[in-house]
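Okay, structure first, notes after.
In what follows, residues are counted from 1 in the order of the sequence shown. Please read all numbers here as calculations on a predicted model, not as lab measurements.
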Amino acid sequence: MTIAPDDARRNASHLYRAMRDFVQSMDDTLPGKFEITKEGIVHDMMAPVKQHELTVLRLRKRLEKVMPEEIVAHTGEPDVEGEPEGIMRRPDVMVIAEEDMEGDGTFDPRTLVAAVEIVSRSNPDNDWVGKTRDYPLLGVPVYAVFDPRTGTGAVFTDIHATPDGPRYATRKDFVYGEDVTIGEWTIPTDGLPRYRDEESGQDSVSG
């Protein structure tokens, strides 16, 4: 039996809504963060938590120090959702105009100025692979990745069309200790924590 395109879209939408209901029911039940991608549900444990959360805090404070008052570096809920694309993500830091946070429901990804992610040790491919695919599909113009495993990162910009769909055309790599530009604003990356060295039991220190 051949499935008509409209039927396929309806089935995909039904599946997405079922996954979204599951994710929302799990948010307060299990640790970590649940997201929906083109490949299904991703559960990121975000461990170790201290270094991850400290990086989020320091980046948020540094961004808000240089951005105009009406632009915020928001952390936490709600999710960023593109139902037509079947994607729901929750960036560690969302650079967004305060007025675009008003109203009910999830954030429109096309209102984001930038998404910032801190790579988790438990699932680094989620940030380096999955989100470099999903964020341009959602129309997020700037995606910045900070990797406490290696003390490096990258900023992805310039969405363009490819045979596989929208992708970022430009990638600018950096190492901790260098200044990094996210959108229109430049911040330092010195003093960002590194994940604990599993062999020595010592925290790595950048800068």
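Heavy atoms only, all atoms of each residue included: Pro91 and Tyr135 are closest at CG-OH, 3.3 Å. Val140 approaches Tyr168 most closely through the heavy-atom pair O-OH, 2.6 Å. The two residues Glu117 and Arg90 have their closest heavy-atom pair at OE2-O, 4.0 Å. Residues Tyr176 and Thr152 share a closest heavy-atom pair of CE1-O, 3.7 Å. Taking each heavy atom of Val80 and Pro109 in turn, the nearest pair found is CG1-CB, 3.2 Å. In plain terms, the two heavy atoms of Arg171 and Ala154 that are nearest each other are NE-CB, 3.8 Å.
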Which is it for Leu63 and Ile187 under the side-chain contact (heavy atoms from CB on, under 4.5 Å) test, yes or no, and what are the steps along the way?
-> CA-CA 7 Å; Leu63 281 166; Ile187 60 171; 4.1 Å; yes
Please test Val142 against Ile182 for side-chain contact (heavy atoms from CB on, under 4.5 Å), starting from the C-alpha separation and ending with a verdict.
-> CA-CA 7 Å; Val142 178; Ile182 299 173; 4.2 Å; yes
side-chain contact (heavy atoms from CB on, under 4.5 Å) evaluation trace for Met101 with Thr111 | CA-CA 9 Å; Met101 298 178 66; Thr111 65; over 6 Å; no
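Between Leu59 atom CG and Thr75 atom OG1 the span is 11.0 Å, to the nearest 0.5 Å. Considering CZ of Arg149 and CZ of Arg194, their distance stands at 10.5 Å, rounded to 0.5 Å. Atom-to-atom distance recorded for Ile96:CD1 and Leu112:CG is 5.0 Å, nearest 0.5 angstrom. Atom CD1 of Ile118 sits about 6.0 Å away from atom OG1 of Thr55, to the nearest 0.5 Å. With rounding to the nearest 0.5 Å, the separation of CH2 in Trp185 from CD1 in Ile71 is 5.0 Å. Between Arg62 atom CZ and Met67 atom CE the span is 14.0 Å, to the nearest 0.5 Å.
Atom CD of Glu70 is surrounded by more than 12 heavy atoms from other residues, nucleotides or ligands within 6.0 Å. More than 12 heavy atoms of other residues, nucleotides or ligands sit less than 6.0 Å from atom CD of Glu178.
One hydrophobic cluster holds both Phe174 and Val93 under the rule that ILVMFWY side chains link at heavy-atom gaps under 4.5 Å. Note: the hydrophobic cluster containing Val66 also contains Val180 (ILVMFWY, side chain heavy atoms under 4.5 Å, direct or indirect links).
Between Ile87 and Asp134 there is a side-chain heavy-atom pair separated by less than 4.5 Å. Contact of the Thr132 side chain with the Tyr143 side chain is registered, since non-hydrogen atoms from C-beta on lie closer than 4.5 Å. When side chains are defined from C-beta on, Pro193 counts as touching Arg58, because their heavy atoms get closer than 4.5 Å. In this structure, Glu64 and Arg60 have side chains that are in contact, with non-hydrogen atoms separated by less than 4.5 Å. Side-chain contact between Asp127 and Phe146 is absent, with no heavy-atom pair separated by less than 4.5 Å.
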Which donor-acceptor pairs under 3.5 Å do side chains of residues 155-163 form with protein atoms, sequence neighbours excluded?
{"unit_1": "Asp158", "atom_1": "OD2", "unit_2": "Thr170", "atom_2": "OG1", "d": "2.6"}
{"unit_1": "Thr162", "atom_1": "OG1", "unit_2": "Asp164", "atom_2": "N", "d": "3.1"}
{"unit_1": "Thr162", "atom_1": "OG1", "unit_2": "Gly165", "atom_2": "N", "d": "3.3"}
{"unit_1": "Thr162", "atom_1": "OG1", "unit_2": "Gly165", "atom_2": "O", "d": "2.6"}

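The closest donor-acceptor contact from the side chain of Thr106 to the backbone of Pro78 lies at 3.5 Å or more, if one exists at all.
Remark: Glu184 engages no residue in a side-chain contact (heavy atoms from CB on, under 4.5 Å) (not counting sequence neighbours).
No salt bridge links Asp79 with Arg89; every basic N to acidic carboxylate O contact stays at or beyond 4.0 Å. Using a 4.0 Å cut-off between charged side-chain N and carboxylate O, Glu85 and Arg110 make a salt bridge.
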